[in-house]
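Here is the structure we will look at, set down as C-alpha cells.
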Amino acid sequence: MAISSASLISSFSHAETFTKHSKIDTVNPPNPILLISKCNSLRELMQIQAYAIKSHQQDVSFITKLINFCTESPTESSMLYARHLFDAMSEPDIVIFNSIARGYSRSKNPLEVFNLFVKILEDDLLPDNYTFPSLLKACAVSKALEEGRQLHCLSLKLGVDDNLYVCPTLINMYTECEDVDAARCVFDRIVEPCVVCYNAMITGYARRNRPNEALSLFREMQGKNLKPNEITLLSVLSSCALLGSLDLGKWIHEYAKKHGFCKYVKVNTALIDMFAKCGSLDDAVSIFEDMRYKDTQAWSAMIVAYANHGQADNSMLMFERMRSENVQPDEITFLGLLNACSHTGLVEEGRKYFSRMINEFGIVPSIKHYGSMVDLLGRAGHLEDAYEFIDKLPISPTPMLWRILLSACSSHNNLELAEKVSERIFELDDSHGGDYVILSNLYARNKKWEYVDSLRKVMKDRKAVKVPGCSSIEVNNVVHEFFSGDGVKSATTKLHRALDEMVKELKLAGYVPDTTIVVHADMCDKEKEITLRYHSEKLAIAFGLLNTPPGTTIRVVKNLRVCRDCHNAAKLISLIFGRKVVLRDVQRFHHFEDGKCSCRDFW
DNA sequence: GTAGGGTTAG
C-alpha cells in the first residue's frame, strides 16, 4: 500500500486534537520523550509530536527518538514519516543519518542507503561504527563486492573494522558477495572472535556450499569453549544436510536437546530438513509431529521432504493440513508441491497447484517454479508442451530451464527435440559439459556414432568441462568420497576386489551392464563395462557393503543424477544383499528395497 | 531514565 507524504502530513495536523482530548497536566507537562517509550502506533507517534511542538519541547534529541521509533521495525509509512522528519532538519548529523540508514537497511532498500551515504560524504560527516552495518548490509543484498571492499578499506582507515558489530557484517558482506576467502581473511584477523563472528563465518561457508569448512570452524569453536547458540546450530545442521552426514546430524540433535535449543521453531525446521536430506524421513516426521507450533517454514520443510522422497500423496496431505490450520503457504511450499508432482508424474495436480499459487495466493512464480513445471511436463513425456511452456514465459529462459527439458528428452529418447533444445542451450552457455554428455549419450543410444565423435570434439574445442561424478558415504562418523573412475587404472585395493565381487554376483542375478550410456565411442564393450563399474555410486555402495554390518541401510549422496545403469544395479543389490540402499542424487531420493525403487523407475 | 543512537550472525 502506497502512502503519500501529503496524506501523512494531513493526518499529522489532525493529530493536534490529541492535546484537546487528552488530560494534560498543565502544571507538570509530561515529557514527550517518555511518551514515545509508551507509544505503539505511528498514529500515536504523530500525536506525540504534535503535543511536543505545542508545548515547545521538540528538540534534536526528541526528533532522534521519533526517527528511531520509525526505523526500529520499518514499514512503508513509518519510513515515509521518518524521511519527512529527516528532510525537515536543517543540519542533520551522523546520528540522524545512521538512524534513517538503519530503517532503509532493515527494509532492504540498498539504493536509499547508498544515497544517504553520498549525502553523508557531501555534508563532510564522518561515518562511524553505527554507519557501517547498514552500508555493508546494503552491499550484501545488492551483491556489490567492489563497494563493499571500499567500505572495508574505509572502516580500516577509521579504525572501526574490529568493532563488535562491524566485524560480523563485514564477514557477511563478503560471503554474500561470494568472496568467502576475503571473509575468512577478515575473520582470521580478529584476535578473539566472538560467537557472532563464528556464526557469520560458519553461515557463510554453509551458504556457499562449503560444509566441511563450516563444520571444522564449529569444532574449533567448541575447542575454545565458546558456546554455540541456536543460530550456530542452524548453519551446522544445514552443513550436515549438504553432506548427508546423518551421524553428525544426530549428534547435533542430541546436543540441541541437551542444551535447550529444541524450543526454537527454526532449529526444529532445520532438524526436519537435515533428517530428510540425510535420508531419514522417519526422524524428520517425528520432529515435525512433536512441534507444538508449526509455522510456514516448518510445514514447507515437511512438504519438501516428502516431495524429495517421492511421497507426493503425503506432500499434498500436508498442504491440506496446513491449510486447515490456517497457515499461509509461501513460494517454498509450492515449490515442494510442484516437485512432489513432477517426481511422481502427477501432471494435472501440478498444473492445478501452479495456477492456485498465482491466482489464489498471489505468489509470483520464480525461475525455480518454472523449472519445476518444465520438469513436470517433460518428465511425464509432454515434451512439446514443455517446450512451448518455456517459449511463452514472461521472462527470458535461463540455460537451466532448457537443461531440465534436455534431460527429459533424454529420458524419453527424443533425439530430435534434444538437438533443438541443445541449440538453445549453447546459444546461452556452451561451457557446461553435462549438456554434451546427455546429447552424446542420446546419439550413442541411437547408434549415431559419427555424431558422438564430432560432439566430443566440439566439447573439447569449447573447453567445456563436465563435473566429475562424486558419491559419498558416511561410515563411523567419517564421510568417504568417491569419484567416478577412482582406481580404474590401478584397481588393487580391498574395495576394488569387493566391487568386482559385487558385480559378479549382480551378473549371476541377471544384471546386464547398460553400455549404451557410456560417452566414448572408441571404447570396446569391455572397456565401457569397466567405466560403468567405476561409477562413483557403485564405489560408494561397495564401500558400504564392505564396511558396515549386514542389514545396515546404506546411505549414499551423489552430486549428479543417478545413471540408469547404477539405478538398475542398486535395485538388484537391495535384493541379493538384503540391504536397503538410500541414494540421494542432485534431484531427489531413491529408496531401494527388495529389488525395487521408491521412484518406481520414474525419474 | 547512562536523556541524541543501541547496531552484529538467522
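Values below: every heavy atom of this structure, side chains too, minus hydrogens, waters and symmetry copies. Source: prediction; values computed, not measured. Chain A is the first sequence line, chain B the second, and so forth, proteins listed ahead of strands; every chain is numbered from 1.
Across all strands shown, A/Asp59 has no heavy atoms under 4.0 Å from either base or sugar-phosphate atoms. Using a 4.0 Å heavy-atom distance criterion, A/Asn163 is classed as making no nucleic acid contact. Nucleic acid contact for A/Ile96: base, since at least one base atom lies under 4.0 Å from a heavy atom of the residue. Contacts of A/Thr64 with the nucleic acid, taken as non-hydrogen atoms under 4.0 Å apart, include base atoms. Within the 4.0 angstrom heavy-atom criterion, no nucleotide atom of any strand lies near A/Ile202.
At whole-Å resolution of the value, CG in A/Leu234 and P in B/dG10 are 10 Å apart. One interatomic measurement links the two molecules: NZ of A/Lys137 to P of B/dG6, which rounds to 14 Å at whole-angstrom precision. One atom, CD1 of A/Ile100, and another, P of B/dG4, lie 19 Å apart when rounded to the nearest Å. Residue A/Lys65 contributes atom NZ, which lies 11 Å from atom P of B/dT2 at whole-angstrom precision. Between A/Phe187 atom CZ and B/dA9 atom C1' the separation is 12 Å, expressed in whole Å. For the pair A/Ile231 CD1 and B/dG10 C1', the interatomic distance rounds to 5 Å; values are reported in whole Å. Protein atom CG of A/Leu136 is 11 Å distant from nucleotide atom P of B/dT8, rounded to whole Å. To the nearest angstrom, P of B/dT8 lies 23 Å from CD of A/Glu192.
The nucleotide whose nearest atom lies closest to any side-chain atom of A/Asn68 is, among B/dT8, B/dG6, B/dG4, B/dG6. The A/Asn199 side chain lies nearest to B/dA9 when the options are B/dT8, B/dA9, B/dG4. In this structure, of B/dG10, B/dT7, B/dT8, it is B/dT7 that holds the atom nearest to the side chain of A/Tyr130. Residue A/Thr203 has its side chain nearest to B/dG10 when only B/dG6, B/dG10, B/dG4 are considered.
Aromatic rings of A/Tyr130 and A/Tyr165 (six-membered ring for Trp) have centroids beyond the 6.0 Å cut-off, not under it. For A/Phe288 and A/Trp299, the gap between ring centers is short of 6.0 Å.
Taking the six-membered ring where the residue is Trp, A/Tyr255 and A/Phe261 present parallel rings, their angle staying beneath 30° rather than reaching 60°. Classified by interplanar angle (parallel below 30°, tilted 30° to 60°, perpendicular above 60°), the ring pair A/Phe589/A/His309 is parallel.
Electrostatic pairing of A/Glu289 and A/Arg321 counts as a salt bridge here, judged by a charged N lying under 4.0 Å from a carboxylate O.
For the P atoms, the distance linking B/dG6 with B/dT2 amounts to 16 Å, nearest Å.
Within a 6.0 Å sphere centred on CG of A/Asn476, other residues, nucleotides and ligands contribute 12 heavy atoms or fewer.
Under 4.0 angstrom from either OP1 or OP2 of B/dG10 there lies at least one side-chain N or O belonging to A/Arg207. For the OP1/OP2 pair of B/dG6 and a distance below 4.0 Å, the side-chain nitrogens and oxygens of A/Asn129 include no atom meeting the criterion.
Per the stacking criterion (ring centres < 5.5 Å, plane angle < 30°), A/Tyr165 does not stack onto the base of B/dT8.
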